[in-house]
Amino acid sequence: MSLNPAQRAAALYTDGPLLVLAGAGSGKTRVITEKIAHLIEKCHLAPAKIAAITFTNKAAREMRERAGKLLKGNAADELLVCTFHALGLKFLQIEHAAVGLKRGFSIFDADDTQAIYKDLLPKGIKNDQLYAIANLVSRAKNEGLTPEQAAAAALGARESEAAELYAKYQKRLAAFNAVDFDDLIRLPLALLDSDEKICAAWRERLRYLLVDEYQDTNTAQYRLLKLLAGPRGAFTAVGDDDQSIYAWRGANPGNLDELARDYPQLKVIKLEQNYRCTRRILRAANAVIANNPHAHLKKLWSDLGEGAPIRVLECRDDEHEAERVAGEIAHLAEKHKARWHEFAILYRGNFQSRPLEKALRLARVPYHLTGGTAFLERAEVKDLLAYLRLMVNPEDDAAFLRIVNMPRRDIGATTLEKLGELAQSRGLSLLRAAASDAILKQLAPRPAAALVGFGELIHELTQTARRLSAADLVDALIRRTRYAEYLAEQVKDQAARARRLENLNELAGWFRAMQREGSSAGDLAAQLALLTHADRADPGNAARLMTLHSAKGLEFRFVYLIGVEEGTLPHEGSIEEGRLDEERRLMYVGITRAKEHLTLSFAARKRRFGEILTNDPSRFLSEMPRDDLHWSGRDVEQDQQHARELASSHLAKLAALLAK
DNA sequence: CCTACAGCGTTTTTT
DNA sequence: ACGCTGTAGG
């Protein structure tokens, strides 16, 4: 292995807790994988006793893969490499009884939880109000507080109200035998905190922890880490305060300092050599980030040569911007003999991808988009997953409501209302109530029969599930529910229908890929709930379009960072709330994704909700060294070229018409 | 229970 | 500018 001195020190240090401050592109994944190899081969730790916690499932997969190349035999398969949330899920699947959950509990996504809040809060509440209060509850959970603790800690009426809501919300979740994302951290934390025996057992089970992207952990996650690592501090945390971009989601970058306070013996190692970017790109990144206050000073350097100038494309509007970027990629791919997947277009918000997609199609550049309405948020995918959820968890009312009339079974609102009342008065779940004799007497024969039929269907599917693999079960599910026929009826547009059917096939494909021996359909559905759009299979040779948040941890030979405007990057909401530091870090993350060629662009005008806005270039542009930027205004030559192409294509169409 | 239309919110980032 | 949700009428 050829690690530099700092990397080697980080990989070999096992005497106590270690914090690695790893700048962008400084080889932190290598350090982590080398360290895993060291722990196994030199410290003789069993692979199963090492846990590496990553930020995304995709990062986990890559880490396992890279560790696999370093390790002998199949040792990498036994490593526990996953996200904090997946670790929490694994924990709860084992310890579910101790926190009051039954086997097969459901994981509620944002939609499901929002439905609970909607039900709990006054009718007609505005969405942003709902979001605000749900956020307060989530905050409390991310701090690791119980409802009682939240009530005690509440400052002011708003927080008291939220704490009260938190208690009701948890009761509702418990009734559904369900947890939300935050519970996947909070419940294990609470259990380890209160039960010494279980805590000791888990410390024995996990002897060493490595945490990646440590700057993005929240308070609850850090406390979980502390409990698992124990007073000895058998862990390595790797992070970069300059890449903390999730504070809005409850991440607490202060955890970096907390570490030194909680573990006085903490050793800190800085990785400052960058192996990714040219010096010019790094200089620009350093210059921008220097405008932020710093607790840990870091000076990233590179010996990869000066490199090409950073270009700034000044564009008329967002369409013009998209056309120029697409045109350049088409042109440069040929000139540099580059492959499409070496290009990335990064932006602040998902909505910015629209004009790009159009322009890329026109320029015949294959592209792949991560994010937006994610695969797993597609209605048809969620429907099928809801079937699985209800099969393993009969208490899951959210799943019940989602699919009871999907495909159509003529079970309407009135029927469901009556069913709901009955279920509530008897303390039954909707599915169980639908199977009770009492309900049948209170309903008209037709809806009663429909409900019974639905209950029998779920029962029958549960039986079927016992003898089929998860992937086959998905196929059986589609057939038995006549879902494809339902889609054919529901969706008139041919292309849209084909897309939706394709999504269902992809779901079956995922199950096939995820299947390991012994995992039930329910287990897989639970794991699927934790996947995100970033985790989809490698899209192959295509230009990548994604948000700056999704781009963290990735690198590309050519990077286009678009929409570098005041109001977009930094985003206007963040300007108003004075959260410029995080926006600047976002800019820093974007710049440091580029290995060789970095192009920034902005549009002077943009239309939003119909009206046209004018934009100034981002303040971050003026924070970069002037000499390293190569400004290129409206590209007259390209415009002319474009006009010529347009004219000739019109001519061609005319000629074709005439020929007929 | 279904269809048609009006009106509203949308665009910050996601495990 | 558009798509979704809720409502009114068949």
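Order of the sequence lines fixes the chain letters, A, B, ..., with proteins taken first and strands second; residue numbering starts at 1 for each chain.
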From CZ of A:F351 across to P of C:dG3 the rounded distance in Å is 17 Å
Taking the C1' atom in each of C:dG3 and B:dT13, what is the distance between them to the nearest angstrom? 23 Å
Per salt bridge (Lys or Arg N to Asp or Glu O under 4.0 Å), A:R389 is matched among A:D397, A:D383, A:D112 by A:D112
Please set out all donor-acceptor pairs under 3.5 angstrom arising from side-chain atoms of residues 178-187 of chain A, sequence neighbours excluded.
| unit_1 | atom_1 | unit_2 | atom_2 | d |
| --- | --- | --- | --- | --- |
| A:D180 | OD1 | A:K141 | NZ | 3.1 |
| A:D180 | OD1 | A:D182 | N | 3.1 |
| A:D180 | OD1 | A:D183 | N | 2.8 |
| A:D180 | OD2 | A:K141 | NZ | 2.7 |
| A:D180 | OD2 | A:Y169 | OH | 2.7 |
| A:D182 | OD2 | A:S138 | OG | 2.8 |
| A:D183 | OD1 | A:K141 | NZ | 3.0 |
| A:D183 | OD1 | A:R186 | NE | 3.1 |
| A:D183 | OD1 | A:R186 | NH2 | 3.1 |
| A:D183 | OD2 | A:K141 | NZ | 3.4 |
| A:D183 | OD2 | A:Q170 | NE2 | 3.4 |
| A:D183 | OD2 | A:D180 | N | 3.4 |
| A:R186 | NE | A:Y166 | OH | 3.4 |
| A:R186 | NH1 | A:Y166 | OH | 3.2 |

Distance below 4.0 Å between A:S550 side-chain N/O and B:dT13 OP1 or OP2: no
A:M587 CE to B:dT13 C1', straight-line distance once rounded to whole Å: 16 Å
Can you name the nearest heavy-atom pair linking A:V559 to A:G590, along with the distance? CG1-O, 4.2 Å
Protein-nucleotide distance (A:I562, atom CD1; B:dT13, atom P), rounded to Å: 13 Å
Calculate the interatomic distance between A:L569 atom CG and B:dT13 atom C1'; express it in whole Å. 11 Å
For the pair made of CG in A:D581 and P in B:dT13, what is the distance, rounded to whole Å? 21 Å
Rounded to whole Å, the CE-P distance (A:M546 to B:dT14) equals 11 Å
If we require ring centres under 5.5 Å and near-parallel planes under 30°, does A:W248 stack on B:dT13? yes
Using a cut-off of 4.0 Å on non-hydrogen atoms, how would the nucleic acid contact of A:Y246 be classed: base, sugar-phosphate, or nothing? sugar-phosphate
Between A:E582 and A:R579, does at least one N-O distance fall below 4.0 Å, as a salt bridge requires? no
A:T33: side-chain hydrogen bond (donor to acceptor under 3.5 Å, both in side chains) partners, not counting sequence neighbours: none
So A:G573, base contact, sugar-phosphate only, or nothing? Heavy-atom distance under 4.0 Å. nothing
Whole Å only: how far is the CG atom of A:N350 from the P atom of B:dT13? 5 Å
Using a 4.0 Å heavy-atom cut-off, does A:R585 contact any base of the nucleic acid, only the sugar-phosphate backbone, or nothing at all? nothing
Interatomic distance, A:I185 CD1 vs B:dT15 P [rounded to whole Å]: 13 Å
